[in-house]
There are 2 protein chains.
Amino acid sequence: MRLNQATDYAFRAVLYLSQLPKGQLAEAKLIAEQERIPIRFLLKILRLLTAAGIVESYRGVSGGYALARDPGEITMKDVVEAVEGPLVVNRCLVAPEECSKNFAARCPLHKALFSIQQTLNRELASYNFADLRACTDK
Amino acid sequence: MRLNQATDYAFRAVLYLSQLPKGQLAEAKLIAEQERIPIRFLLKILRLLTAAGIVESYRGVSGGYALARDPGEITMKDVVEAVEGPLVVNRCLVAPEECSKNFAARCPLHKALFSIQQTLNRELASYNFADLRACTDK
DNA sequence: ATTAAAATACACCTGTTAAGTGTACTTTTG
DNA sequence: CAAAAGTACACTTAACAGGTGTATTTTAAT
């Protein structure tokens with residue numbers, strides 16, 4: 001029950017980009033050095049973030065990455081989902097046939113886990129990168 | 001970010017035991033059949049639950065398992081921790097030196113993740129097996 | 001046009017973990 | 001003392017996490 005390392009790196013990369021003046025690019029190499037992330041792995045993660053529409057990439061000389069929208073419009077949930085896909089707390093929530101003999105509808109555990117998952121999603125969605133950035137500035 | 005299969009099985013085993021009349025034992029074999037859990041794996045999980053003081057085991061002929069305390073005093077958090085150990089949402093929460101270059105105290109991500117972890121723990125602790133059992137009875 | 005600096009693509013590797021099994025042993029009741 | 005239960009611990013197998021190799025494409029500056 002842990003977020004993976006790629007997600008952690010993604011958080012840091014997005015936070016880094018959030019701290020740049022609007023419109024300014026940063027190369028992957030720079031982010032990697034500043035945040036101590038293996039460059040090749042970071043590039044892979046940045047592609048996921050690009051595919052999810054969280055960052056924009058610019059190729060070629062003096063290319064790099066920038067946020068695709070305002071940091072206030074990017075939440076930790078967005079980042080988690082970009083990297084790991086939708087959050088699933090338990091197998092039975094995604095594959096009801098895995099729910100032993102009980103139907104999901106009748107299984108109290110299923111209901112509880114679903115509710116927990118929703119709480120978690122709400123919590124992750126409550127943190128945006130404008131707020132997180134502000135927190136570093138102090 | 002998912003609970004593992006052993007934890008899912010543990011939930012089901014504890015729920016099963018919660019449904020028994022107080023003081024009555026159930027053999028692992030029976031639980032395994034009813035809940036469709038591989039018996040050997042279940043036995044292993046039951047040992048974790050026993051070690052955590054959630055269930056009591058009785059050896060020998062006509063032995064088996066029973067809850068060590070009232071179902072109302074057992075929460076989903078107890079079960080998760082018995083099987084997986086304390087919940088850790090992110091590596092940096094358990095190994096601050098993993099926190100890239102930032103000290104935990106200064107890292108807004110660290111604070112956010114810690115808060116999320118606490119919410120999750122609170123949520124898991126809010127479900128006890130007396131309530132979950134009641135929910136199946138209907 | 002060419003070059004160099006950037007991102008992209010996709011396959012691969014390697015260690016760890018999840019999930020489960022093999023085999024032998026211990027405890028307890030009838 | 002036999003059989004039915006739980007215990008112990010090592011092992012296996014597959015999947016996944018985290019990362020790397022190698023080649024390609026795009027673009028700005030010369």
Side-chain angles (χ1 to χ4, degrees), chain A residues 1-13 17 24-33 35-52 54-68 80 83-85 88-92 94-95 98 100, chain B residues 1-13 17 24-33 35-52 54-68 80 83-85 88-92 94-95 98 100:
Chain A
M1 191 68 173
R2 194 179 295 198
L3 294 169
N4 62 33
Q5 192 59 27
T7 301
D8 188 35
Y9 290 156
F11 286 150
R12 292 173 205 289
L17 293 174
Q24 183 174 327
L25 302 188
E27 304 148 32
K29 191 181 167 196
L30 184 61
I31 304 173
E33 280 166 4
E35 300 296 329
R36 297 198 189 162
I37 305 173
I39 174 92
R40 296 292 316 286
F41 196 35
L42 175 61
L43 283 164
K44 199 181 210 172
I45 294 163
L46 285 166
R47 275 188 301 256
L48 292 172
L49 294 171
T50 305
I54 293 170
V55 310
E56 280 173 346
S57 70
Y58 299 89
R59 301 175 72 163
V61 175
S62 74
Y65 297 88
L67 294 185
V80 170
V83 177
E84 304 192 13
V88 175
V89 164
N90 189 290
R91 199 146 112 180
C92 75
V94 74
E98 297 285 353
S100 298
Chain B
M1 190 68 172
R2 194 179 295 199
L3 294 168
N4 62 33
Q5 192 58 28
T7 302
D8 188 36
Y9 291 156
F11 286 151
R12 291 172 204 288
L17 293 174
Q24 184 174 327
L25 303 189
E27 303 149 33
K29 192 182 167 194
L30 183 62
I31 304 173
E33 280 166 4
E35 300 297 328
R36 296 199 190 160
I37 305 172
I39 174 93
R40 296 293 314 287
F41 196 33
L42 174 60
L43 283 163
K44 200 182 211 171
I45 294 164
L46 284 166
R47 270 182 304 235
L48 292 172
L49 294 171
T50 304
I54 293 171
V55 309
E56 280 174 345
S57 69
Y58 298 89
R59 302 175 71 164
V61 175
S62 74
Y65 296 89
L67 295 185
V80 169
V83 176
E84 304 192 12
V88 175
V89 164
N90 190 290
R91 199 146 112 180
C92 75
V94 72
E98 298 285 353
S100 299

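Below, read A as the first sequence line, B as the second, and so on, with proteins coming before strands; counting in each chain starts at 1.
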**OP:** Measure from CG on B:Asn4 to P on C:dG20 and round the result to the nearest Å.
**Re:** 10 Å

**OP:** Kindly write out the residues that satisfy side-chain contact (heavy atoms from CB on, under 4.5 Å) with B:Ala32, not counting sequence neighbours, or none if the list is empty.
**Re:** B:Ile39, B:Leu42

Original post:
What are the two closest non-hydrogen atoms of A:Arg12 and A:Glu35, and how far apart are they?
Top reply: CB-OE1, 3.8 Å

Original post:
Say you draw a straight line from CG of B:Leu25 to CG of B:Leu30; how long is it, rounded to the nearest 0.5 Å?
Top reply: 11.5 Å

Subject >> Those residues that, when tested against B:Ser57, pass side chain to side chain donor-acceptor pair (under 3.5 Å) (two or more places apart) >> reply: none

**OP:** Determine which pairs satisfy side-chain hydrogen bond (donor to acceptor under 3.5 Å, both in side chains) with at least one residue from residues 40-52 of chain A, sequence neighbours left out, and list them in order.
**Re:** none

Subject >> Integer-rounded Å distance: C:dG20 P and B:Arg36 CZ >> reply: 15 Å

Original post:
To the nearest angstrom, how far is B:Leu25 atom CG from C:dT27 atom P?
Top reply: 19 Å

**OP:** For each nucleotide in nucleotides 3-14 of chain C, reading 5' to 3', give B when a protein heavy atom comes within less than 4.0 Å of its base, S when such contact involves only the sugar-phosphate, and - otherwise.
**Re:** -BBBBBBBB---

Original post:
B:Gln5 CD to C:dT17 C1': how many Å, rounded?
Top reply: 14 Å

**OP:** Determine the minimum heavy-atom distance between B:Arg2 and A:Val94, stating which atoms define it.
**Re:** NH1-CG1, 4.2 Å

Subject >> Spacing of CG belonging to B:Leu46 relative to CG belonging to B:Leu17, to within rounding of 0.5 Å >> reply: 7.0 Å

Subject >> B:Ala52: partners by side-chain contact (heavy atoms from CB on, under 4.5 Å), with sequence neighbours left out >> reply: B:Ile54, B:Ala82

Original post:
By side-chain contact (heavy atoms from CB on, under 4.5 Å), which residues pair with B:Leu48, not counting sequence neighbours?
Top reply: B:Val83

Subject >> Nucleotide C:dA18, atom C1' - distance to CG of B:Leu48 in whole Å >> reply: 13 Å

Original post:
Which nucleotide of DNA chain D is the first, and which the last, in the 5' to 3' direction, to come under 4.0 Å of a heavy atom belonging to chain A?
Top reply: D:dG18 to D:dA28

Show me, pair by pair, the donor-acceptor contacts under 3.5 angstrom made by side chains of residues 58-66 of chain A, not counting sequence neighbours?
{"unit_1": "A:Tyr58", "atom_1": "OH", "unit_2": "A:Glu56", "atom_2": "OE1", "d": "2.8"}

**OP:** Would you please enumerate the stems DNA chain D participates in, each stem being three or more consecutive Watson-Crick or G-U wobble pairs with both distances under 3.5 Å?
**Re:** C:1-30 with D:1-30

Original post:
Rounded to whole angstrom units, what separation is found between the CZ atom of B:Arg91 and the C1' atom of C:dT16?
Top reply: 12 Å

**OP:** Sequence neighbours left out, what passes side chain to side chain donor-acceptor pair (under 3.5 Å) with A:Glu84? Give chain and number order.
**Re:** A:Thr7

